[in-house]
S.K.: 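Before anything else, here's the structure in question.
Heads up: numbering here begins at 1 and tracks the sequence. Everything quoted here is computed from the prediction, not taken from an experiment. Side-chain atoms are counted along with the backbone in the values below, which use heavy atoms only and exclude waters and symmetry mates.
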Amino acid sequence: MIALLAGVACLLALVNGNSVKTQESASERFVCTVIPADANTGCPMAHEALSQEDALRSTVFQLRETILQQKETIGNQKETIRELTAKLTRCESLSEGDGKHGSWRKVPGKSGGKDTMGDLPRDPGQVIDQLSRTMQSLKDRLENLEHQLRSNVSYSAMPNDLREMLQRRLGDLEHQLLNKVNELEDEKSLLHNESTAHRHKTESTLTALLERVNELEKGSSTFKSPDDFKVSLPLRTNYLYGRIKKTLPELYSFTICMWLKSSASPGIGTPFSYAVSGQANEIVLIEWGNHPIELLINDKVAQLPFTIGDGKWHHIGITWTTRDGIWEAFLDGEKLGSGENLAPWHPIKPGGILILGQEQDTVGGRFDATQAFVGEMSQFNIWDRVLKAEEIVNISNCSYNMPGNIIPWVDNNVDVFGGATKLPLEPCEERLSES
């Protein structure tokens with residue numbers, strides 16, 4: 001028993017000596033305290049208006065620093081435990097060497113020193129267990145915060161202003177999505193309507209084409225000769241017309257003769273038009289609205305002194321020469337008008353397009369329904385000279401047939417479009433039947 005007391009006294013003496021060193025370096029040591037998850041550390045925040053996400057990041061950073069400090073503390077504690085264990089071993093060996101008369105005393109001047117052994121649990125294993133539990137608790141808190149951070153914080157934990165902002169953005173996105181869906185629906189409906197209209201137009205065109213083929217087959221089988229036919233344009237539209245396949249050469253004079261029948265009002269429209277590049281009104285015969293019949297050459301106008309909208313067949317004859325722009329107009333073989341200065345010294349340009357029943361605003365197109373011819377026509381012929389009055393009279397009274405040397409009226413030189421038809425006709429016989 002005495003030996004044991006001597007050993008304890010020796011140990012206390014060594015501890016007091018060690019406490020002196022501990023007290024001298026106390027200002028350089030750190031004391032770690034377990035901080036609960038909901039504790040207020042009292043650290044002032046640099047910016048009170050930080051968002052919750054920034055606060056969570058700051059907390060995670062502080063916890064990581066705390067863990068590092070705890071690890072350092074554990075390392076220091078383990079080193080202290082090893083040192084104390086070695087000292088205890090030396091004290092026990094000294095007590096055995098001094099026998100039963102060993103003694104223990106404090107270091108002079110250090111009676112108020114701190115007992116370092118009292119800072120730790122008596123069992124080193126308990127210290128390690130306690131520190132391990134603290135580290136595990138901090139680790140759990142850190143993982144929980146990181147999980148919340150990765151999930152960007154639950155919706156219910158968000159501040160009211162952030163929640164309202166997200167609601168507004170979601171509402172805007174939903175509104176934009178609905179608008180886009182409506183636009184797609186409108187485009188789909190419009191595309192369907194356009195497809196339907198295009199299909200109907202195609203069907204109508206095919207039907208008209210089939211009717212035209214049938215009529216051509218029927219008509220061609222009954223034509224007595226290639227020129228015994230008429231072109232019928234029953235409606236005032238911008239898509240019924242005929243087209244002469246041949247074009248005109250350069251002309252310095254011409255004669256145009258044709259048979260016309262119309263009862264359209266007001267005005268019979270445009271029996272024919274010839275357009276070239278740069279001049280849509282190179283040669284035009286037109287009656288539209290309440291205006292008289294007009295002859296246009298190079299867009300210059302001469303009014304013809306007659307009307308033909310009585311629903312009967314009439315023979316029209318027109319002559320013109322570039323010399324002084326002299327012109328003449330015949331109705332049923334009788335000269336009813338003449339004049340001069342109609343596009344004098346202007347040669348008729350070659351290579352244009354000759355259209356029956358429509359006035360051209362551009363070469364071969366841009367027809368105006370209000371200027372379309374309504375009725376029937378036949379025996380459209382063009383000569384490259386001025387015919388004599390006797391020749392025009394003989395043609396008009398059916399004394400003899402004289403096809404045009406530039407544009408003759410033959411079946412294979414006339415195409416019809418848009419529902420216009422070619423039908424058998426002998427104009428002289430029909431005229432006799434009308435009288």
S.K.: With rounding to the nearest 0.5 Å, note down the distance linking CG in Leu260 to OG in Ser378.
M.R.: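 Rounded to the nearest 0.5 Å, the CG-OG separation comes to 9.5 Å.
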S.K.: ring-ring contact (aromatic ring centres under 6.0 Å, His included) with Phe330: which residues, sequence neighbours excluded?
M.R.: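 Phe330 satisfies ring-ring contact (aromatic ring centres under 6.0 Å, His included) with no other residue.
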S.K.: Rounded at 0.5 Å granularity, tell me how far SG in Cys398 sits from CD in Gln379.
M.R.: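 Going from the SG atom of Cys398 to the CD atom of Gln379 covers 8.5 Å.
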S.K.: For Ser262, what residues pass the side-chain contact (heavy atoms from CB on, under 4.5 Å) criterion, not counting sequence neighbours?
M.R.: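 Checked Ser262 against side-chain contact (heavy atoms from CB on, under 4.5 Å); matches are Ala264, Ile268, Phe373.
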S.K.: What residues, two or more places apart in sequence or in another chain, satisfy ring-ring contact (aromatic ring centres under 6.0 Å, His included) together with His346?
M.R.: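 If we apply the ring-ring contact (aromatic ring centres under 6.0 Å, His included) test to His346, skipping adjacent residues, there are no hits.
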S.K.: Measure the spacing between NE2 of His314 and CH2 of Trp259 and express it to the nearest 0.5 Å.
M.R.: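 So the gap between those two atoms works out to 9.5 Å.
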S.K.: How long is the straight-line distance from CG of Leu240 back to OG1 of Thr421, given to the nearest 0.5 Å?
M.R.: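 If we round to the nearest 0.5 Å, Thr421:OG1 and Leu240:CG are 8.5 Å apart.
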S.K.: Around atom CG of Asn290, are there more than 12 heavy atoms from other residues, nucleotides or ligands closer than 6.0 Å?
M.R.: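 No, not enclosed.
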S.K.: Return yes if a side-chain donor-acceptor contact under 3.5 Å exists between Thr270 and Gln358, otherwise no.
M.R.: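 No, no side-chain donor-acceptor pair sits under 3.5 Å.
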S.K.: Under 3.5 Å, side chain of Gln360 to main-chain N/O of Ile353, donor-acceptor pair present?
M.R.: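 Yes; judged by distance alone, with no hydrogens or angles, the pair exists.
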S.K.: Can you pull out every side-chain hydrogen bond (donor to acceptor under 3.5 Å, both in side chains) where at least one residue sits in residues 233-250? Sequence neighbours excluded, please.
M.R.: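 As it turns out, the side-chain hydrogen bond (donor to acceptor under 3.5 Å, both in side chains) pairs with a partner in residues 233-250, which skip direct neighbours, are Glu250-Tyr252.
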S.K.: Could you tell me if the side chain of Leu295 sits less than 4.5 Å from the side chain of Ile318, heavy atoms only?
M.R.: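 Sidechains of Leu295 and Ile318: in contact.
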S.K.: Can you check whether Ala389's main-chain N or O pairs, donor with acceptor, with Lys335's side chain at less than 3.5 Å?
M.R.: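 Side chain of Lys335 to backbone of Ala389: no pair is present.
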S.K.: Could you note down all residue pairs passing salt bridge (Lys or Arg N to Asp or Glu O under 4.0 Å) where residues 354-383 supplies at least one of them, sequence neighbours left out?
M.R.: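 Output for this query lists Lys230-Glu376.
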S.K.: Is it the case that over 12 heavy atoms from other parts of the model lie below 6.0 angstrom from the CH2 atom of Trp383?
M.R.: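 It does: Trp383 CH2 has more than 12 such atoms within range.
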S.K.: Rounded to the nearest 0.5 Å, how far apart are CD of Glu328 and CD1 of Ile392?
M.R.: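 Spacing of CD (Glu328) from CD1 (Ile392) equals 7.0 Å.
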S.K.: Verify side-chain contact (heavy atoms from CB on, under 4.5 Å) between Ile308 and Leu331, making sure each step is shown before the conclusion.
M.R.: CA-CA 9 Å; Ile308 57 174; Leu331 178 63; 3.6 Å; yes
S.K.: Quick check on the 6.0 Å ring-centre criterion: do Trp409 and Phe380 meet it?
M.R.: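 Not close enough - the centres of the two rings lie 6.0 Å or further apart.
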S.K.: Consider only side-chain N and O atoms of Gln279 and Asn298, and report whether a donor and an acceptor are under 3.5 Å apart.
M.R.: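 Gln279 vs Asn298: donor-acceptor pair found between side chains.
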S.K.: Does any part of the side chain of Leu423, heavy atoms only, come nearer than 4.5 Å to the side chain of Phe229, both counted from C-beta?
M.R.: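 In short, these two side chains do not touch, never coming nearer than 4.5 Å.
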S.K.: When you measure from the side chain of Ser263 to the backbone N and O of Gly311, does any donor-acceptor pair fall under 3.5 Å?
M.R.: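 A pair under 3.5 Å: no.
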S.K.: What distance do Met402 atom CE and Thr255 atom OG1 have between them, rounded to the nearest 0.5 Å?
M.R.: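 So the CE of Met402 and the OG1 of Thr255 are separated by 8.0 Å.
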S.K.: Within a strict 4.5 Å, meaning less than it, do heavy atoms of the Leu233 and Met377 side chains meet?
M.R.: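 Yes, side chains in contact.
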S.K.: Under a 3.5 Å threshold, yes or no: a donor from one side chain and an acceptor from the other, between His315 and Asp332?
M.R.: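 Their side chains do not contain a donor-acceptor pair, so the 3.5 Å distance test is not met.
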S.K.: Taking only residues two or more places apart in sequence or in another chain, which ones pass side-chain contact (heavy atoms from CB on, under 4.5 Å) with Pro344?
M.R.: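 Result, side-chain contact (heavy atoms from CB on, under 4.5 Å) vs Pro344: Asn341.
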S.K.: Tell me if a side-chain donor or acceptor on Tyr274 pairs with a main-chain N or O of Asn281 at a distance below 3.5 Å.
M.R.: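 No; zero donor-acceptor contacts below 3.5 Å.
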S.K.: Does a salt bridge link Glu294 with Lys300, judged by any charged N lying under 4.0 Å from a carboxylate O?
M.R.: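 No, this pair does not count.
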S.K.: Heavy atoms, side chains only, cut-off 4.5 Å: are Phe306 and Ile316 in contact?
M.R.: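 Yes, their side chains come closer than 4.5 Å.
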S.K.: Can you tell if the side chain of Ile286 reaches within under 4.5 Å of the side chain of Ile293, non-hydrogen atoms only?
M.R.: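 Result no, sub-4.5 Å side-chain heavy-atom pair not found.
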